[in-house]
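In what follows, a structure is listed as structure tokens, so that the remarks can point back to it.
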Protein chains: 2
Amino acid sequence: MADTLDPAQMRAYFALMEAVSLLQYAVRRQLQADGDLSYVQFEILAKLADADRPLTMTDLADGVVYSRSGLTHQAGLLENAGLITRQTSPHDQRATVVAITEAGRARVGAVLPGHVEVVRDLLFDSLSDRDVRTLGDMMSRARDHMRARPPRSAAPRSRHAPP
Amino acid sequence: MADTLDPAQMRAYFALMEAVSLLQYAVRRQLQADGDLSYVQFEILAKLADADRPLTMTDLADGVVYSRSGLTHQAGLLENAGLITRQTSPHDQRATVVAITEAGRARVGAVLPGHVEVVRDLLFDSLSDRDVRTLGDMMSRARDHMRARPPRSAAPRSRHAPP
DNA sequence: TATTGTTATACTCTATAACTATA
DNA sequence: TATAGTTATAGAGTATAACAATA
């Protein structure tokens, strides 16, 4: 178990991190400029629009990296902006049901063209169709692998649950 | 110039963003836990260690996404921690020369094994050698493309910044 | 005038922990 | 007891703009 990456791995790792950082930077600027949305807020709205039915906070948390309180905070901002609504679920009084409003859909619609344009211009412009399929395959695999493997990486101290 | 992405592109885009977000999250936690470093701080130290000679702030800014003031701030933190030194350049009185200290090298050394382990476990575990080469090629190309093509939002990130 | 870098400031994001309430 | 979610708080990161100094 060597504690280094081989040159090809180093190259791939740093290129990946740098390319995605640049992409994230551009995407964040576009979302902010065109729709006054952070990327997380866009993710929440896009998820609700895509699901096409109300989701609980827990549903939303799945697929988002952030903490629960962070999600609550962002949802609060979106609610104040009139882009989503939150209500206590009738079926489980503990749960909160989140729905996208018409204004929320409109906001997504307003932001999407510019978003797509940025992604196409910055990322896909330099990739062939074959590259795109390959990239999709690899990243889907990697994502599933990471999701299946909770990052105990950060806590080498205890394999046991926190206090 | 349709204002949508085709399904394969959508899949690749979202998988990429999600996978890298998960990776970034894990990497940040590891750097914080093992070395009390943010990712940017690690990048700065790694760059200095790799260059093996002092660099100016501008040198450091190249290849980093952040703003100048952000870089100054992070450099200040690293200097306070005794991991780098900053001095006015003898050749150009405007420039600041940044050098890594022994403590800085030690910190990188302390953090690197865990860092590499996280990246290998999370990312490369699910990729073949061939995948790694392909990924490196694609991301290097994409990175160069993005660097050559600043976002449409007219980002004055370079040194030639109009008002 | 252009470039290098810092400061001052303000704002956003995120995490931790404590808390309420339902199940 | 465990789960869903919120609140309170506190810290870190980042950007913008104004600034000083040098080229």
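By convention in this document, chain letters (A, B, ...) are assigned in the order of the sequence lines, proteins followed by strands, and residues within each chain are numbered from 1. Predicted model, so just to flag it, every value in this text is computed and none were measured.
For the pair B:M57 CE and D:dA21 C1', the interatomic distance rounds to 16 Å; values are reported in whole Å. Separating the CG atom of A:D59 from the C1' atom of D:dA4 is a distance of 12 Å, rounded to the nearest angstrom. Between the CD atom of B:E43 and the P atom of D:dG13 there is a distance of 13 Å, rounded to whole Å. In this structure, CD of A:Q41 is placed 16 Å from P of C:dC11, rounded to the nearest angstrom. Atom CG in A:L78 sits roughly 13 Å away from atom P in C:dT12 (whole-Å rounding). Regarding A:Q24, its CD atom lies at a distance of 16 Å from the P atom of D:dG13, rounded to whole Å. Whole-Å rounding puts the B:L31 CG to D:dA12 P distance at 16 Å. Rounding to whole angstrom units, CZ of residue A:R28 and P of D:dT14 are separated by 9 Å.
Taking only side-chain atoms of B:Q93, from C-beta outward, the nucleotide of D:dT7, D:dG13, D:dA23 with the closest atom is D:dA23. Checked against D:dA4, D:dT14, C:dT7, the side chain of B:Y66 finds its nearest nucleotide in D:dT14. In the set C:dG5, D:dG13, C:dT16, the nucleotide with an atom closest to the side chain of B:L77 is D:dG13. Considering only side-chain atoms of A:R68, the nucleotide from D:dA4, D:dA23, D:dT7 that sits closest is D:dA4. Across D:dG5, D:dT16, C:dT6, the shortest atom-to-atom separation from the side chain of A:R29 is found for D:dT16. Across D:dG5, C:dT14, D:dA2, the shortest atom-to-atom separation from the side chain of A:T58 is found for D:dG5.
Of the residues near DNA chain D, B:R94 and A:S69, the one whose nearest nucleotide (by heavy atom distance) lies more toward the 5' end is A:S69. Mapping A:S67 and B:H73 onto DNA chain C by nearest heavy atom places B:H73 at the nucleotide closer to the 5' end. For A:H91 and A:L37, each mapped to the nucleotide of DNA chain C holding its nearest heavy atom, the one lying further toward the 5' end belongs to A:L37.
Nucleic acid contact class of B:S89 (heavy atoms, under 4.0 Å, all strands): none. Residue A:T72 is in base contact, counting any heavy-atom pair closer than 4.0 Å across all strands shown. Here A:S38 lies in heavy-atom contact (under 4.0 Å) with sugar-phosphate atoms only. Nucleic acid contact for B:R86: sugar-phosphate only, since backbone atoms but no base atoms lie under 4.0 Å from a heavy atom of the residue.
The one candidate from B:L22, B:L123, B:V118, B:L122 that meets the side chain to side chain contact (heavy atoms under 4.5 Å, CB included) condition with B:V27 is B:V118.
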Check against salt bridge (charged side-chain N to carboxylate O under 4.0 Å, His left out), B:D62 and B:K47: CA-CA 11 Å; B:D62 293 346; B:K47 205 164 236 197; over 6 Å; no
Verdict with reasoning, A:Q24 to B:M17, per side-chain contact (heavy atoms from CB on, under 4.5 Å): CA-CA 8 Å; A:Q24 286 174 333; B:M17 295 294 268; 3.8 Å; yes
Candidate pair A:S38 and A:R28, rule side-chain contact (heavy atoms from CB on, under 4.5 Å), full reasoning: CA-CA 6 Å; A:S38 70; A:R28 283 196 185 114; over 6 Å; no
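You won't find any donor-acceptor pair under 3.5 Å spanning the side chain of A:T96 and the base of D:dA4, going by distance alone.
The backbone N or O of A:T134 lies less than 3.5 Å from no partner atom in the side chain of A:D137, so there is not a single donor-acceptor pair.
A sub-4.0 Å separation between OP1 or OP2 of D:dA12 and a side-chain N or O of B:Q74 is absent. Phosphate proximity of D:dG13 to A:Y25: absent, as no side-chain N or O sits under 4.0 Å from OP1 or OP2.
Between B:R120 and A:D6 there is no salt bridge, since no side-chain N of the basic residue sits under 4.0 Å from a carboxylate O of the acidic one.
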